[in-house]
Amino acid sequence: HALISSNYVYVPEDTSINIPFFTEDDIEIVYTRNGSQTTEDLASVFDNTSQKAIKYISFTPNTNDTPYDIKVYNNGQTTLHKTIKLVPICEPKYTTVKCVFVNKFGVNQEMYFFKRSKENLNVEDKSFSRNIVSTSNAQYDTKDNSMQRYDVTATTSLQLNTGFVNEDFNQTIEELFLSENVWLEWESNTLPAIPKSKALEYKTSVNDKLINYTIDFDFAHNTINNIR
């Protein structure tokens with residue numbers, strides 16, 4: 001079966017997204033892109049002694065940027081197990097941020113944040129008062145600092161927005177909050193991150209009309225490298 005809980009994936013236009021599948025389930029994956037139907041038969045690649053038990057398949061939006069369905073069937077296509085809707089998003093104003101996290105199935109899942117992002121630098125330090133008076137003439141230079149700073153550390157945090165998503169996407173957000181391993185693609189680097197937001201209010205189309213999640217992250221390392 002598909003190793004993601006949600007039935008929706010959102011991807012930037014002209015950008016592929018990898019979805020994990022468990023090959024032991026003897027499944028066939030059928031989708032139609034640009035009018036051409038493709039069938040992936042995963043039973044033929046199953047090997048329970050290696051990482052081939054998990055197969056990541058890359059999906060790219062239609063060239064006209066319309067959604068399409070990814071249907072997961074049993075072998076023979078007599079039973080439909082799951083339908084995943086791939087939805088391309090046009091985001092002309094903000095830079096999208098790719099997020100990868102280990103979901104409840106223990107595999108890497110990809111998602112994107114589309115709307116406004118905000119970066120913050122959080123600094124902590126210590127200081128002490130030092131003697132700047134010369135012992136030889138009892139004078140001091142006004143350019144010297146009597147307060148000395150030390151043990152300066154800094155962490156960078158990001159606030160990201162999903163953009164408008166279907167209520168079904170709540171499952172993806174929940175698993176992101178619970179994940180112990182998260183990575184963000186930021187400024188051409190893939191960096192480990194920790195969800196800073198600790199409370200999740202589940203949103204619904206009835207209560208919230210348009211559903212957007214705002215999530216805060218801390219990068220999982222100090223901005224000033226202090227690894228020894």
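With sequence neighbours excluded, the residues forming a side chain to side chain contact (heavy atoms under 4.5 Å, CB included) with Lys126 are Tyr150, Asp151, listed by chain and number. Scored by the salt bridge (charged side-chain N to carboxylate O under 4.0 Å, His left out) test, Glu175 finds no partners at all (sequence neighbours excluded). In this structure Tyr10 satisfies the side-chain hydrogen bond (donor to acceptor under 3.5 Å, both in side chains) test with no other residue, sequence neighbours excluded. Asp69 pairs by the salt bridge (charged side-chain N to carboxylate O under 4.0 Å, His left out) definition with Lys85, not counting sequence neighbours. With sequence neighbours left out, the side chain to side chain contact (heavy atoms under 4.5 Å, CB included) criterion links Lys98 to Val100, Glu110, Tyr112, Glu185. Scanning for side-chain hydrogen bond (donor to acceptor under 3.5 Å, both in side chains) contacts around Asp218 gives an empty result, with sequence neighbours left out. With sequence neighbours excluded, the residues forming a side chain to side chain contact (heavy atoms under 4.5 Å, CB included) with Val206 are Thr204, listed by chain and number. Ser6 is linked by a side-chain hydrogen bond (donor to acceptor under 3.5 Å, both in side chains) to Asp168, counting only residues two or more places apart in sequence or in another chain. Scored by the side-chain hydrogen bond (donor to acceptor under 3.5 Å, both in side chains) test, Thr32 finds no partners at all (sequence neighbours excluded).
Annotation: the span from Ile70 atom CD1 to Thr38 atom OG1 amounts to 11.0 Å, rounded to 0.5 Å. Here Tyr31 contributes atom OH and Thr39 contributes atom OG1; the two are 9.0 Å apart, rounded to the nearest 0.5 Å. To the nearest 0.5 Å, the span separating CG on Leu210 from CZ on Phe164 amounts to 4.5 Å. Between Phe114 atom CZ and Cys90 atom SG the span is 10.5 Å, to the nearest 0.5 Å. To the nearest 0.5 Å, atom OG1 of residue Thr214 and atom CG of residue Asn161 are 3.5 Å apart. Between the SG atom of Cys99 and the CG atom of Leu176 there is a distance of 5.0 Å, given to the nearest 0.5 Å.
Side-chain atoms of His81 and Thr79, non-hydrogen and from C-beta on, do get closer than 4.5 Å to each other. Residues Phe219 and Leu184 meet the side-chain proximity criterion, which asks for heavy atoms closer than 4.5 Å. Between Ile29 and Phe21, the closest side-chain pair of non-hydrogen atoms falls below 4.5 Å. Phe101 has its side chain out of reach of Phe177: every pair of non-hydrogen atoms, C-beta onward, lies at least 4.5 Å apart. A heavy-atom distance below 4.5 Å is found between the side chains of Ile27 and Val72. Counting heavy atoms from C-beta outward, Ile173 and Leu200 have side chains that approach closer than 4.5 Å. Side-chain atoms of Ile4 and Thr172, non-hydrogen and from C-beta on, never get closer than 4.5 Å to each other. For the pair Pro88/Pro67, a side-chain contact is recorded, criterion being any heavy-atom separation below 4.5 Å from C-beta on.
With 3.5 Å as the limit, one finds no donor-acceptor pair spanning the side chains of Asn181 and Ser179. Side-chain contact, Tyr202 with Glu174: a donor N or O sits under 3.5 Å from an acceptor N or O. Judged by distance alone, the side chains of Asn108 and Tyr56 never bring a donor and an acceptor atom under 3.5 Å apart.
Under a hydrophobic-cluster definition in which Ile, Leu, Val, Met, Phe, Trp and Tyr are linked whenever side-chain heavy atoms come within less than 4.5 Å, directly or via other members, Val182 and Tyr213 are assigned to the same cluster. Residue Ile84 is not grouped with residue Tyr73 when hydrophobic side chains (ILVMFWY) are merged at heavy-atom distances under 4.5 angstrom, including chains of intermediate members. No path of Ile, Leu, Val, Met, Phe, Trp and Tyr side chains, each step under 4.5 Å between heavy atoms, connects Val102 with Ile19, placing them in separate hydrophobic clusters. Cluster membership for Tyr68 and Ile89, using ILVMFWY side-chain heavy atoms within less than 4.5 angstrom, is shared. Taken together through direct or relayed side-chain contacts under 4.5 Å among Ile, Leu, Val, Met, Phe, Trp and Tyr, Trp183 and Leu158 form parts of separate hydrophobic clusters.
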Mind running side chain to side chain contact (heavy atoms under 4.5 Å, CB included) on Glu28 and Leu42 for me, showing each step along the way?
CA-CA 6 Å; Glu28 296 182 23; Leu42 298 193; over 6 Å; no
Begin from the C-alpha positions of Asn212 and Thr162 and carry the test side chain to side chain contact (heavy atoms under 4.5 Å, CB included) through to its verdict.
CA-CA 6 Å; Asn212 170 75; Thr162 60; 3.5 Å; yes
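Think of Tyr94 as one node in a network of Ile, Leu, Val, Met, Phe, Trp and Tyr side chains linked at under 4.5 Å; it has no links at all.
Under the 3.5 Å distance criterion, the side-chain polar atoms of Asn122 are left unmatched by any main-chain donor or acceptor of Thr156.
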Show the atom names and distances, to 0.1 Å, of all donor-acceptor pairs under 3.5 Å that link a side chain in residues 188-198 to residues at least two apart or in another chain.
unit_1, atom_1, unit_2, atom_2, d
Asn189, ND2, Glu187, O, 3.3
Ser197, OG, Asp216, N, 2.9
Lys198, NZ, Pro195, O, 3.0

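Of all heavy-atom pairs between Leu3 and Asn103, the closest is O-ND2, 2.8 Å. Across Lys82 and Ser5, no two heavy atoms sit closer than the pair NZ-O, 3.0 Å. Heavy atoms only, all atoms of each residue included: Leu86 and Val11 are closest at CD2-CG1, 3.8 Å. Of all the heavy atoms in Ser16 and Ser58, the pair that sits closest is CB-OG, 3.3 Å. The shortest non-hydrogen separation linking Val107 to Pro20 is CG2-CG, 3.7 Å.
Every pair passing salt bridge (charged side-chain N to carboxylate O under 4.0 Å, His left out) that includes a residue from residues 112-122 is listed here, sequence neighbours excluded: Glu91-Lys115.
Taking the six-membered ring wherever Trp is involved, the centroid distance between the rings of Phe105 and His1 falls below 6.0 Å.
With Asn62 as reference, Thr66 is the one residue of Thr60, Thr66, Asp65 to meet the side chain to side chain donor-acceptor pair (under 3.5 Å) rule.
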